[in-house]
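Before any comments, here is the structure.
Residue numbers begin at 1 in each chain, while the letters A, B, ... track the order of the sequences.
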There are 2 protein chains.
Amino acid sequence: MPRVSDAKQKLMVAARDLIWESSYGATSVDDICVKADVRKGSFYHFFKSKSDLEIAALEADWQEKKAHYNDIFSPTVPPLQRLSDYFDLLLAKQTERQKACGAILGCPFCAVGTEVSLLDAGIREKVHDILGRLAKYFESAIRDAHAQGVINAPDARAKANLLIAYFQGTMAQARIENNLERIAGMKAGAFELLGVQPAQLAGV
Amino acid sequence: MPRVSDAKQKLMVAARDLIWESSYGATSVDDICVKADVRKGSFYHFFKSKSDLEIAALEADWQEKKAHYNDIFSPTVPPLQRLSDYFDLLLAKQTERQKACGAILGCPFCAVGTEVSLLDAGIREKVHDILGRLAKYFESAIRDAHAQGVINAPDARAKANLLIAYFQGTMAQARIENNLERIAGMKAGAFELLGVQPAQLAGV
DNA sequence: GATCCAGTTGACCAATCAGTCAACTCAGCT
DNA sequence: AGCTGAGTTGACTGATTGGTCAACTGGATC
């Protein structure tokens, strides 16, 4: 197999960043190529369309995050600690991005999903799929927390849906308002939503 | 003042519908003009840019909704009844739209806000402003409910933020998943989030 | 060193984009 | 009747869009 190329990866990273920092519709294939330092012909050698690239880029983005999430949501960690660690990581990442590009970007999956779900079924399904995977982490943490008696959530799935919706809504608000405080306050909001007693939070 | 024209209104309605049913970026000025049956020159007679039209269309959309909301959230209505009525109206409107265009569209303000908040400061501020006005309805209903002892929410503002975030997140999910059930289940989720005792819901 | 082929290149295309403009229409006013 | 000016019209522009293509490159295999 002659020639090793990192053009495909560079295109996916460039697409993720540009689309996150503006939008899918406002990001052109040319923009992505320039940022990735890859010529247009190479773009269409690796991806059959802009939509095709975005689907691959979303999956690659998730795969990268998944590794961290598997650590944070490890069953060896107390369930409320998992959620606390997750919100800490999220705040750190958003703060980092804010420093780099001057704005709060929110959730890259939800943002593009909301934008193109009525235009591109492939992207819609990919985003739906990825958000479903994220929900699984929340669900098992909630189920474990209920089993340990630190929260009352007989229906873990329903409670996870509540939490995920609150989470996504807050991320959307943070983006629209360009307001990091929304994200900073999310941990407290999540624990309030879960009905966590302050006593349970000692050391978390 | 010679000639009465409804072109401006027709353009705003067409823009709201087209952008809601696809996206801001994917909706062209030509599309809007065709749907409104107005020529391009007239468009730029009334609005100085596409962004300018969208800002006006968002405000017009809110003004139309505001009248209904003032009825639903009237202080003469019991506070939990207000919320219940609001979620009923929301479900009815989304169901109606689904029949008309075959998809769940979610919140028109949040969708466009998420899409363009990093590209267009004018639209971002308008969306931010409108979502803030909506939050006021929730806040006062929650404050009244707390005062009457039917829920426990000493900080009505914080609880309203929680509810609004859940609401917006659910609407985004409904759009991404094209799933009416998310909206149908939102009333129950909202009351669970508020910690409403089932006994308080008799007749609601 | 000939062959192979994944990867690269940049010119190219038709379609579409937001926005412009000068000419035109027509109801109300004097 | 003639003027005024808000509203209308459709052709037009230059830039940009997503996508195509034939020619080319260069490391690996035989």
What's the [atom1]-[atom2] distance between [X] and [N], to the nearest Å?
X	N	atom1	atom2	answer
Phe47(A)	dT8(C)	CZ	C1'	15 Å
Leu11(A)	dG7(C)	CG	P	12 Å
Lys50(A)	dT20(D)	NZ	P	15 Å
Lys8(A)	dT8(C)	NZ	P	12 Å
Phe43(A)	dT17(D)	CZ	P	13 Å

Chi angles and distances behind the salt bridge (Lys or Arg N to Asp or Glu O under 4.0 Å) call for Arg97(B), Asp17(B): CA-CA 10 Å; Arg97(B) 280 276 160 185; Asp17(B) 286 351; 3.3 Å; yes
His45(A) side-chain N/O to dT8(C) phosphate OP1/OP2 under 4.0 Å: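 False: His45(A) side-chain N/O out of range (4.0 Å or more) of dT8(C) OP1/OP2.
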Any Tyr44(A) side-chain nitrogen or oxygen under 4.0 Å from OP1 or OP2 of dT20(D):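 Answer no for this pair, as no side-chain N or O of Tyr44(A) is under 4.0 Å from OP1 or OP2.
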Check: Asp71(B)/Ser74(B) side-chain N/O donor and acceptor closer than 3.5 Å: no
Exercise: do Gln148(A) and Asp144(A) side chains pair donor with acceptor under 3.5 Å: no
Touch class at under 4.0 angstrom, heavy-atom based, for Phe46(A) against every strand present: sugar-phosphate
Nearest to side-chain heavy atoms of Ser5(B), which nucleotide of dT8(C), dG19(D), dT8(D):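 The closest nucleotide is dT8(D).
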Quiz item: cation-pi between Lys66(B) and Tyr137(B), 6.0 Å / 45°: no
Test: Lys35(B) cationic atom under 6.0 Å from Trp20(B) six-membered ring centre, within 45° of axis: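 Judged by the rule, Lys35(B) and Trp20(B) form no cation-pi pair.
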Contact list for DNA chain D against residues 14-41 of chain B - heavy-atom distance below 4.0 Å: Arg39(B), Gly41(B)
Separation of Ile183(A) CD1 from Met171(A) CE (nearest 0.5 Å):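 Met171(A) atom CE to Ile183(A) atom CD1 measures 4.5 Å (nearest 0.5 Å).
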